[in-house]
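We count ligands from 1, going down the list as the structure has it; atoms in each ligand are counted the same way. In what follows, every heavy atom counts, from backbone to side chain, and hydrogens, waters and symmetry copies are set aside.
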Amino acid sequence: MPKTYDAIVVGSGMTGGWAAKELTEAGLETLVLEAGRPITTADYVEHVPPWQMRFRGLDDRKKRMADQPIQRECYACDEWSSKFFVNDHDNPYTTEPDKPFLWLRGRQVGGRSIMWGRQVYRWSDLDFEANLKDGIAVDWPIRYADIAPWYDHVERFIGISGEKLGLPQLPDGQFLKPMALNCGEEVVRDALAKHWPGERVLTIGRCAILTEDHNGRSACHYCGYCERGCVTLSYFNSINATLPVARQTGKLTLRPFSVVHSLMYDKKRNRVSGVRVIDGETKHAIEFRARVIFLCASTLESARILLNSATPDFPNGLANSSGELGHNVMDHIMGGGANGKITAPADKKPVGRRPNGIYVPRFRNLAGGPKSTFLRGYGYQGGAGREGWGRGADLPGFGADWKKALRDPGDWSFGLYGFGECLPNHNNYVEIDKTKNDAWGIPVLKIHCTYGDNEWALMKDASIAAAEMLAAAGAREITPYIDHNPPGKAIHEMGTARMGRDPKTSVLNARNQAHDIPNLFVTDGACMASTANQNPSITYMALTARACDYAVGAMKRREI
Ligand SMILES: Cc1cc2nc3c(=O)[nH]c(=O)nc-3n(C[C@H](O)[C@H](O)[C@H](O)COP(=O)(O)OP(=O)(O)OC[C@H]3O[C@@H](n4cnc5c(N)ncnc54)[C@H](O)[C@@H]3O)c2cc1C
Ligand code: SF4
């Protein structure tokens with residue numbers, strides 16, 4: 001008889017790593033199925049200098065264009081880190097010609113936790129209550145008080161550096177000491193505090209990077225290229241933190257090269273009984289069984305698995321009696337901002353490569369404050385730096401004087417880059433494209449997604465407000481802009497199996513459990529009923545840990 005595991009987790013990325021840790025620590029025999037290859041810290045290349053790279057860091061652009069025409073749109077997909085992004089030919093998807101969507105993905109043990117930007121911001125009740133107050137989509141079935149202890153739990157384990165601010169819209173967490181602002185950033189921070197006291201705040205980014213040794217991992221040494229890995233385990237990813245803990249329990253079986261095709265459904269018991277897998281190397285079909293299944297394959301992949309698991313009882317996708325599976329795709333809109341030159345101490349320059357920037361939390365449409373013409377809000381990431389070698393092409397002159405001038409640091413510049421909320425919209429959706437399969441013969445997704453007027457209004461306002469703040473800080477040569485990025489580019493895709501109170505209008509309940517099938521949990525970004533404007537991964541991780549706790553209890557009580 002094939003072994004029946006207590007739990008199967010699909011995916012070993014940000015959320016799969018957490019599910020593996022929590023379930024194994026609770027004593028469950030857990031099988032983690034990961035589509036991609038295994039990697040170890042030996043794959044990390046953050047300390048490889050450009051002169052040791054074949055193309056000196058300028059990349060093999062012909063190959064990148066041929067193999068990864070979509071992935072190369074991500075800033076992190078360079079000569080070092082492109083190996084952590086998928087091959088676009090093996091992993092295709094389709095879109096309508098006038099609705100581009102950039103689906104940026106990692107397929108290896110650790111998923112995109114290897115290359116992520118590590119920015120972590122809690123949500124508040126401003127976010128969890130927004131759908132209800134605005135009468136948009138469905139109300140979140142949870143509030144901040146439900147998730148706050150799980151934010152604590154996750155933050156204590158992974159280690160977050162940041163500054164406490166006491167802002168209701170951006171709750172403080174369990175922080176290690178913050179990284180320092182540089183003196184250019186202090187100039188802008190002080191200007192915001194002077195012109196918008198209590199309203200606009202500039203702080204150092206809250207990030208999943210250690211500023212102190214923590215849980216057996218070392219403090220960061222500011223080498224600065226975290227998307228290439230980290231041999232000192234100083235930033236959080238599944239390889240550095242969650243999977244080793246899961247392995248230590250003796251309860252983990254991790255199977256790379258296991259591409260989950262679909263789930264098996266036992267109609268009599270109304271339970272998922274296991275998964276159908278295509279072996280990534282041999283392409284043979286295999287099956288695995290478990291008492292409970294956690295989908296952590298990422299927002300769009302988890303939806304794809306459920307849509308490919310249709311049965312006569314669920315003809316439009318498993319656990320889809322609501323008809324909402326695949327719908328309400330969202331991604332933060334990003335790119336409204338401004339740059340300028342600021343006046344800061346000319347005898348100082350940043351030292352080291354601090355792997356973090358600044359953050360300006362949302363200040364529009366706060367509870368009890370003035371209302372804008374648009375809904376919701378945005379926050380900024382960015383920072384100050386001094387111009388360096390890169391300005392060579394613009395610097396007049398030649399010879400020894402020119403070289404010397406280039407060696408001296410140039411002007412201080414400052415940039416603010418907005419990330420705005422994306423409203424849920426039933427008409428943004430994914431479906432199975434029956435005309436196309438991936439390299440493992442599995443039908444692919446067709447993605448239909450565009451931003452609406454509210455998202456663009458947010459970016460317009462973010463651009464104007466950024467220029468206004470730079471002006472208040474005495475900046476020169478201020479350049480406001482709006483990048484017209486397609487959805488997907490922020491790499492914060494969410495929705496597709498939203499949580500909600502009513503099984504008629506949502507796929508998952510308040511515990512990330514399918515309304516239709518009690519032993520099925522989806523805990524990646526698919527579960528999100530709205531996006532807020534904060535980077536979402538910490539919320540996925542907290543929801544995953546919370547759902548695991550509930551599932552373990554329900555199994556003990558023999559409810560599932
Ligand atoms: C460059 C970059 C910067 C980012 N910066 C930030 C940031 O600063 N803050 C933030 O909050 N977020 C950030 N993100 C987003 C963040 O990485 C994701 O939100 C997060 O990784 C999602 O976690 P996940 O577990 O859902 O998916 P992933 O981490 O993508 O993991 C999914 C895993 O499932 C596997 N899988 C997929 N399909 C199957 C299948 N059919 N069978 C088996 N396995 C499968 C994949 O191979 C992968 O390993 C960034 C992402 C990138 C790429
Ligand atoms: S900057 Fe810090 S966290 Fe990033 S790779 Fe270097 S040591 Fe690791």
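- Here the shortest heavy-atom distance to atom 24 (P) of ligand 1, taken over N308, T15, V10, belongs to T15.
- Because the distance cut-off is set at 2.8 Å, C223 qualifies as a neighbour of atom 6 (Fe) of ligand 2 through one of its N, O or S atoms.
- At least one side-chain heavy atom of Y93 sits under 4.5 Å from a side-chain heavy atom of I70.
- For Q169 and S124, the side-chain atoms include no donor-acceptor pair closer than 3.5 Å.
- Within the 4.0 Å heavy-atom shell around ligand 1 one finds Q108.
- Every atom of ligand 1 with a heavy atom of R118 under 4.0 Å away is listed here by number and element: 7 (C), 8 (O).
- Residue contacts with ligand 2 leave out S218, since none of its heavy atoms falls under 4.0 Å from the ligand.
- With respect to atom 35 (C) of ligand 1, the closest heavy atom belonging to the protein is E34 OE1, 3.5 Å.
- Of all protein heavy atoms, the one lying nearest to atom 23 (O) of ligand 1 is M14 CB, 3.2 Å.
- The ligand atoms of ligand 1 that sit less than 4.0 angstrom from a heavy atom of C74 are 1 (C).
- Defined by atom type and a distance below 3.5 Å, a donor-acceptor pair is present between the side-chain atoms of Y417 and D483.
- Set against the non-hydrogen atoms of D524, the atoms of ligand 1 under 4.0 Å away are 26 (O).
- Listed by number with element, the atoms of ligand 2 under 4.0 angstrom from any heavy atom of G224 are 1 (S), 6 (Fe).
- Among all non-hydrogen protein atoms, the one lying nearest atom 8 (O) of ligand 1 is Q119 N, 3.0 Å.
- With a 4.0 Å cut-off on non-hydrogen atoms, E301 touches ligand 1 through its side chain and not its backbone.
- Under a 4.0 Å criterion applied to the non-hydrogen atoms of I305, ligand 1 contributes the atoms 41 (N).
- The proximity of C296 to ligand 1, defined as any non-hydrogen pair under 4.0 Å, is limited to the backbone.
- Below 4.0 Å from some heavy atom of S234 lie the following atoms of ligand 2, by number and element: 3 (S), 8 (Fe).
- Seen from the ring of F157, K21 counts as a face-on cation partner, given the 6.0 Å and 45° thresholds.
- Side-chain contact check for Q513 and N519: no donor-acceptor pair (N or O, by modelled atom type) lies under 3.5 Å.
- Salt bridge E421/R376: present, at least one basic N to carboxylate O contact under 4.0 Å.
- Of the charged side-chain nitrogens involved, at least one lies within less than 4.0 Å of a carboxylate oxygen, so that R255 and D279 count as a salt-bridged pair.
- For ligand 2, the atoms lying closer than 4.0 Å to a non-hydrogen atom of C230 are 3 (S), 5 (S), 7 (S), 8 (Fe).
- Salt bridge E287/K3: absent, no basic N to carboxylate O contact under 4.0 Å.
- A heavy-atom distance below 4.5 Å is not found between the side chains of Y359 and I204.
- Looking at atom 30 (O) of ligand 1, its nearest protein heavy atom turns out to be R112 NE, 2.8 Å.
- Near G13, meaning under 4.0 Å from one of its heavy atoms, ligand 1 places the atoms 25 (O), 29 (O), 31 (O), 33 (C).
- Considering only non-hydrogen atoms, atom 43 (C) of ligand 1 lies nearest to S258 out of G11, A297, S258.
- Of all the atoms in ligand 2, the ones that sit under 4.0 Å from a non-hydrogen atom of G229 are 5 (S).
- What sits closest to atom 4 (Fe) of ligand 2 on the protein, heavy atoms only, is C226 SG, 2.3 Å.
- Looking at G525, G117, C207, it is G117 that brings a heavy atom closest to atom 4 (C) of ligand 1.
- For the residue pair Q71/D88, the side-chain donor-acceptor check at 3.5 Å is satisfied.
- The nearest protein atom to atom 44 (N) of ligand 1, hydrogens excluded, is given as A35 N, 3.0 Å; this is a heavy-atom distance.
- What sits closest to atom 15 (C) of ligand 1 on the protein, heavy atoms only, is I491 O, 3.3 Å.
- Looking at D152 and R122, a side-chain N of the basic residue comes within less than 4.0 Å of a carboxylate O on the acidic one, giving a salt bridge.
- Ranking the protein heavy atoms by distance from atom 2 (Fe) of ligand 2 puts C220 SG, 2.3 Å first.
- Between R206 and D172 there is a salt bridge, since a side-chain N of the basic residue sits under 4.0 Å from a carboxylate O of the acidic one.
- Between L33 and ligand 1 there is a heavy-atom distance shorter than 4.0 Å.
- Nearest to atom 10 (C) of ligand 1 among the protein's heavy atoms is S537 OG, 3.2 Å.
- Using modelled atom types, one finds no donor on one side chain facing an acceptor on the other under 3.5 Å when comparing N308 with S262.
- With a heavy-atom cut-off of 4.0 Å, P355 touches ligand 2 through its side chain alone.
- A donor-acceptor pair under 3.5 Å links the side-chain atoms of T544 to the main chain of T523, judged by distance alone.
- Near M115, the atoms of ligand 1 lying under 4.0 angstrom from a non-hydrogen atom of the residue are 1 (C), 2 (C), 3 (C).
- Surrounding NZ of K83 are more than 12 heavy atoms belonging to other residues, nucleotides or ligands, all under 6.0 Å away.
- Scanning all protein heavy atoms for the shortest distance to atom 13 (C) of ligand 1 gives H492 NE2, 3.7 Å.
- Y144 has its side chain within reach of Y151: a pair of non-hydrogen atoms, C-beta onward, lies under 4.5 Å apart.
- Ion pairing of R354 with E185 is present here, as a side-chain N (NZ or NE/NH1/NH2) and a carboxylate O approach within less than 4.0 Å.
- The pair R105-E493 does not meet the salt-bridge criterion, since no charged nitrogen lies less than 4.0 angstrom from a carboxylate oxygen.
- For atom 40 (C) of ligand 1, the nearest non-hydrogen atom from the set V260, N237, T544 comes from V260.
- Heavy-atom proximity to atom 7 (S) of ligand 2, evaluated over R118, H221, R217, is greatest for H221.
- In this structure, E227 has no heavy atom closer than 4.0 Å to ligand 1.
- Side chains of D524 and S298: no donor on one and acceptor on the other come within 3.5 Å.
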